[in-house]
Protein chains: 2
Amino acid sequence: MPASERGPRERMVFSAAQLIRREGVAGTGMREVAAHAAAPRGSLQHYFPGGKEQLVNEAVAWAGRYARGRVARFVAALPEPTPSGLFARMVAQWTDEYAAEGFAGGCPVAAATVDCSQSSAATREAASAAFADWTGAVAEALAEMGVPAERARTLATVMISALEGALLIARAERDVRALEAVTQELGPLLDAAVVERA
Amino acid sequence: MPASERGPRERMVFSAAQLIRREGVAGTGMREVAAHAAAPRGSLQHYFPGGKEQLVNEAVAWAGRYARGRVARFVAALPEPTPSGLFARMVAQWTDEYAAEGFAGGCPVAAATVDCSQSSAATREAASAAFADWTGAVAEALAEMGVPAERARTLATVMISALEGALLIARAERDVRALEAVTQELGPLLDAAVVERA
DNA sequence: CCCGCGCTATGACAGCGGTCATAGTAGCTC
DNA sequence: GAGCTACTATGACCGCTGTCATAGCGCGGG
């Protein structure tokens with residue numbers, strides 16, 4: 001939503017991420033990105049001499065940083081920090097969006113993985129880094145809540161896996177049922193991983 | 001693997017699913033499908049007058065039936081039927097493939113969802129039906145193992161969500177770590193849902 | 001024999017999308 | 001004001017893709 005007042009370069013990266021969420025990487029055109037960002041078409045070449053691949057990679061990296069930031073904000077806003085509470089907030093971000101705007105968008109990192117992991121090594125690595133960013137933030141948060149470090153990393157991966165998969169199903173079904181299912185079922189499992197501290 | 005001796009029509013659907021797994025829907029061309037199926041290009045029009053959309057939809061539906069069939073075979077082959085055992089087999093199918101053939105392919109239903117859920121209503125519904133097919137098979141299997149019916153459906157959704165998400169992460173990272181994480185963490189949760197029967 | 005029908009073969013077309021080339025503008029420094 | 005640099009503007013090109021049109025085969029039945 002803080003779309004407008006930034007540089008044109010950043011706006012284009014942001015717009016690319018937005019469009020990739022909806023239409024996938026292959027379905028998103030460069031001209032379309034420029035138009036959506038209200039940026040001049042000529043700037044694409046100027047800011048992204050590496051072409052579409054560079055733009056996509058930056059959009060994916062941006063998404064990773066964004067996800068990391070969201071996790072930090074969720075943790076800060078939790079009344080009492082529990083793993084299930086964090087996960088519920090992460091999922092709620094999506095159920096809220098789907099309730100408000102329909103099931104148009106998914107996760108841009110997932111889209112990039114599906115569309116490019118075979119065709120572009122650089123994009124695949126960008127997606128990997130984005131997942132690592134996100135997982136790292138969640139794992140740190142879990143550790144802060146009292147989950148042993150190595151288990152925190154595993155559980156963070158499980159949380160993100162379940163969320164990503166539920167997003168796919170929710171979009172296909174146009175129903176948040178799957179998202180509700182994962183919050184409900186994973187909550188107790190996550191909280192049980194907290195060890196009592198002295 | 002039973003690629004060869006079927007009619008050209010079925011071979012094309014199968015090939016479409018294979019290619020979509022790797023390159024996504026938009027990245028898969030019709031000519032490419034025909035070539036991969038060793039089928040004449042002219043047959044595309046003949047068998048799929050609805051064009052690419054029809055072919056993709058049939059490939060997705062095929063994938064749904066295939067997943068359903070796999071679940072049935074896994075259940076039949078389990079020494080003692082437990083939810084965690086079924087899930088472990090479902091995940092192992094993928095870890096085996098990745099170990100043997102590399103991280104080239106993902107789930108074709110996921111690819112169709114990401115690429116088409118916004119652009120083609122029919123494909124989105126095909127993906128939804130495929131997920132329903134798959135989820136239904138898993139839920140029935142869980143119920144057979146003693147999981148209460150309504151919870152079985154929820155848990156089946158969780159299993160498939162976690163699997164799909166872990167597939168994405170595994171492809172991006174070129175590492176089966178995420179797949180191992182979900183098997184390990186979800187196993188106990190699933191088995192705990194079995195109620196003792198008289 | 002020949003008709004019809006299922007299937008195949010190919011060439012053409014139109015649209016689109018990423019990229020390049022070239023040229024133009026704005027603003028700053030010397 | 002000249003000149004340099006950052007950015008913008010646009011038109012063209014080329015490859016690709018889905019689709020269509022048209023024509024050719026093979027074969028079973030009348």
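Naming convention: chains lettered A, B, ... in sequence-line order (proteins, then strands); numbering from 1 in each chain.
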Modelled atom types, side-chain donor and acceptor of [X] and [Y], under 3.5 Å:
X	Y	answer
E97(A)	Q93(A)	no
E180(B)	Q184(B)	no
T28(B)	E23(B)	no
R171(A)	S117(B)	yes

Rounded interatomic separation in angstrom, taking CG from L44(B) and C1' from dC20(D):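 Atom-to-atom, L44(B) to dC20(D), this comes out as 13 Å.
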Separation of dA9(D) P from Q45(A) CD (nearest whole Å):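 So the CD-P distance, Q45(A) to dA9(D), works out to 13 Å.
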Audit row: L163(B), V182(B), side chain to side chain contact (heavy atoms under 4.5 Å, CB included) steps and yes/no: CA-CA 7 Å; L163(B) 174 55; V182(B) 294; 5.9 Å; no
Do [X] and [Y] come close enough that some side-chain heavy atom pair is under 4.5 Å?
X	Y	answer
L186(B)	L189(A)	yes
F87(A)	T82(A)	no
F48(A)	R9(A)	yes

Proximity to DNA chain C (any heavy atom under 4.0 Å), residues of residues 20-37 of chain B only: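 Contacting residues: R31(B).
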Nucleic acid contacts of residues 49-57 of chain A, taken as heavy-atom distances under 4.0 Å to DNA chain C: G51(A), K52(A)
Worked verdict on R124(A) versus R174(B) for side chain to side chain contact (heavy atoms under 4.5 Å, CB included): CA-CA 9 Å; R124(A) 205 214 72 235; R174(B) 291 182 113 64; 3.3 Å; yes
Trace of the side-chain hydrogen bond (donor to acceptor under 3.5 Å, both in side chains) decision for R177(A) with T157(B): CA-CA 9 Å; R177(A) 180 185 69 79; T157(B) 301; 2.9 Å; yes
Under 4.0 Å protein heavy-atom contact, by nucleotide of nucleotides 3-8 of chain D - B base, S sugar-phosphate only: ---SBB
